[in-house]
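One is the number of the first residue; the rest follow in order along the sequence. On a predicted model such as this, the values are computed, not experimentally measured, just so you know.
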Amino acid sequence: MKFTILFLLSSFYIMHSYAQTNVRDSLKTLLKKEKRDTSRVMLLNALNYEYGGNKPDTTMILALEALSVSKRIGFVKGETASLHRIGLTYWTVGNNPKAMEAFLSALKLDEKINNLAGIARDQSGIGLIYSDQGQYHQAIDYYFKAKKVRDQINNRGEGYANGLAGLSRSYLGLKLYDSARVYAQQAFEISSKNNNQLSTGTFLSLMGDIYSETGQKKLALEYYRLSIPFSKLRENDRILSTTFLGMAKSFENEGQIDSTLFYANQAFEISRGAGFTKGALDASSFLYSFYNNRGNSDRALFYLQLATVAKDSLFSQQRINQLQSLGFDEKLRQMEITTAELKVKEDRKHNLQFAAIAIGLITFIILFFALSRSIIVKTKFIEFFGVLGLLAVFEFINLFIHPYLAKATNDSPVLMLLILIGIGALLVPLHHKLEKWITKVMVEKNKKIRLNAAKKTLEQLENKTG
């Protein structure tokens, strides 16, 4: 029975490994035949994805070629997707400043063309870097921004699941285990539903990390074991090394020394061979601690030196300063975006107020003429409202042109006063002419109203006497 299960599992992995190789070969064949540049960009990025967490040199070459073609033909969506793949490759090899730079460049372009799916993808990338640096609160902030955008466009695919996994890992870093477990479970369910083998292995390994951190080592080992076939299937060495290290920690807790060393060394060799600096640092640090606790100073010193080199590569002061600078620049840019949005809202509010004033003036004039048909209007009344109307129009013009006037005159009080005097000089003669015309019209209407009233009175008297 055991032999049968192993045989079936082996057959399953061989078939799917063949299928993955087939996908890569198919993409390469299509790439050779494809002449349209836009399609070539998409094929290059698809092939980049198929190499996933393995062969960073290959993925970087593919992403750079896709970026070059995108820029040449002005394909902005292709450019942002390529920048994101470049950022992921830099992150894979532990160059977080360059990864952050690529993600931020992609975000700016996606915001420019309002590519919401791209914006969410870039925000998740930024969250990934913050989480990797241990800045979990900033990471959670960006992951939730990405989640909000994806909810808005109803995008519940792989990116959504990866974002949930990012939230889970960040909460795990903060030791908020319940939240970490909830988001990891959600990520796994979405990945399983979409039959995404690459992500499934990642999320199973993440569940193993959560149970390991909460002291449930046997359950953690089960999740790690479930994760391994998926990671091998997709040749995802980064997750495989992380999983092996998690298993080593669990076996150490169980007192199984041989298994501990086997999986810890596997994690170290895979990370070093694939150029995953963060994985190499974690594995060498664990092996240093393991040997140091058992008094094997030679082996402890060996792994301490390796860990120091990896740590210097990842966390040098220069790189920390680079990341801080990029983070500050992005915060400043986000503040500028917020300020611009507030200004647009304020301008809209002012425009609505101007429109209301204009409508009020027009309504007043219409009502004035409408009511004047049946009401006798005195000349003094016309003069009073004429002056009031002149002041209202002048102030309306002043309010409307003031921002432009201030900019044109560089806020010079003398020039602004002279221009307003000029506007007043034009309005006053126009006002006098308009007032005379309205007075004349009103006087004629008043005469007609009085005449009509007198005729009605005479007719009533005649009727009474008759």
Side-chain angles (χ1 to χ4, degrees), residues 41-42 44-45 48-49 59-60 62-64 66-71 73-167 169-170 319-344:
V41 169
M42 291 188 288
L44 285 164
N45 281 323
N48 176 299
Y49 170 80
T59 55
M60 182 61 82
L62 291 168
L64 287 172
L67 179 64
S68 176
V69 176
S70 297
K71 283 187 172 181
I73 64 174
F75 182 29
V76 182
K77 277 192 176 181
E79 189 176 343
T80 62
S82 305
L83 282 168
H84 186 81
R85 301 307 304 178
I86 289 169
L88 287 175
T89 305
Y90 274 128
W91 169 73
T92 299
V93 298
N95 194 337
N96 283 343
K98 293 297 289 183
M100 178 71 92
E101 189 177 336
F103 290 141
L104 290 173
S105 297
L107 179 60
K108 290 174 187 176
L109 284 174
D110 278 321
E111 286 176 345
K112 189 176 180 180
I113 62 172
N114 196 34
N115 179 17
L116 295 180
I119 289 170
R121 178 187 61 208
D122 305 329
Q123 288 170 335
S124 286
I126 295 168
L128 181 66
I129 302 303
Y130 277 127
S131 181
D132 209 45
Q133 292 294 120
Q135 296 172 278
Y136 300 116
H137 290 291
Q138 292 94 321
I140 288 168
D141 181 48
Y142 271 96
Y143 280 128
F144 271 120
K145 283 181 180 179
K147 184 177 181 298
K148 184 179 178 181
V149 174
R150 287 184 174 121
D151 284 335
Q152 181 184 338
I153 59 176
N154 197 27
N155 184 345
R156 298 296 179 91
E158 181 191 357
Y160 195 85
N162 287 334
L164 292 173
L167 279 170
R169 195 162 290 284
S170 298
R319 287 197 172 190
I320 291 170
N321 291 341
Q322 275 182 277
L323 269 175
Q324 285 179 339
S325 177
L326 288 168
F328 290 150
D329 288 347
E330 176 60 12
K331 283 182 181 178
L332 181 61
R333 194 178 72 85
Q334 291 296 332
M335 285 174 64
E336 288 172 351
I337 290 172
T338 303
T339 303
E341 288 174 350
L342 288 172
K343 188 178 183 303
V344 168

What do the steps show when you test K98 against E101 for salt bridge (Lys or Arg N to Asp or Glu O under 4.0 Å), and what is the final call? CA-CA 5 Å; K98 293 297 289 183; E101 189 177 336; 3.8 Å; yes

From CA spacing to verdict: side-chain contact (heavy atoms from CB on, under 4.5 Å), R85, L67: CA-CA 10 Å; R85 301 307 304 178; L67 179 64; over 6 Å; no

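- The minimum heavy-atom distance linking V41 with G78 is given by the pair CG1-CA, 3.8 Å.
- Atom CE of residue M60 and atom CG of residue L88 lie 10.0 Å apart, to the nearest 0.5 angstrom.
- The pair K77-D110 does not count as a salt bridge, with every side-chain nitrogen at least 4.0 angstrom from each carboxylate oxygen.
- Side-chain contact check for R121 versus T80: some heavy-atom pair is nearer than 4.5 Å.
- Between H137 and D141 there is no side-chain heavy-atom pair separated by less than 4.5 Å.
- At least one side-chain heavy atom of Y130 sits less than 4.5 Å from a side-chain heavy atom of M100.
- Summarising the geometry, atom OG belonging to S124 is positioned 12.0 Å from atom NZ belonging to K145; distances are rounded to the nearest 0.5 Å.
- Considering CD1 of I153 and NZ of K148, their distance stands at 13.5 Å, rounded to 0.5 Å.
- Taking NZ from K147 and CD1 from I140, the interatomic distance works out to 13.5 Å, rounded to the nearest 0.5 Å.
- Nearest heavy atoms, G87 versus A99: O-CB, 3.2 Å.
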Walk me through it: do Y143 and L128 pass the test side-chain contact (heavy atoms from CB on, under 4.5 Å)? CA-CA 8 Å; Y143 280 128; L128 181 66; 3.7 Å; yes

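- Proximity of R150 to L116: side-chain heavy atoms (C-beta onward) are nowhere separated by under 4.5 Å.
- Between N45 atom CG and T59 atom OG1 the span is 11.0 Å, to the nearest 0.5 Å.
- When every heavy atom of N155 is checked against every heavy atom of Y160, the shortest pair comes out as O-CD1, 3.3 Å.
- Taking CD1 of I119 as the start and CG of N114 as the end, the distance is 5.5 Å to the nearest 0.5 Å.
- Scanning both residues, S170 and S131, for their nearest heavy atoms gives OG-OG, 3.4 Å.
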Set out, in order, the CA-CA distance, both residues' side-chain angles and the distance that settles side-chain contact (heavy atoms from CB on, under 4.5 Å) for F103 and L83, then state yes or no. CA-CA 7 Å; F103 290 141; L83 282 168; over 6 Å; no

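- When all heavy atoms of I86 and A63 are compared, the pair lying nearest together is CG1-CB, 3.5 Å.
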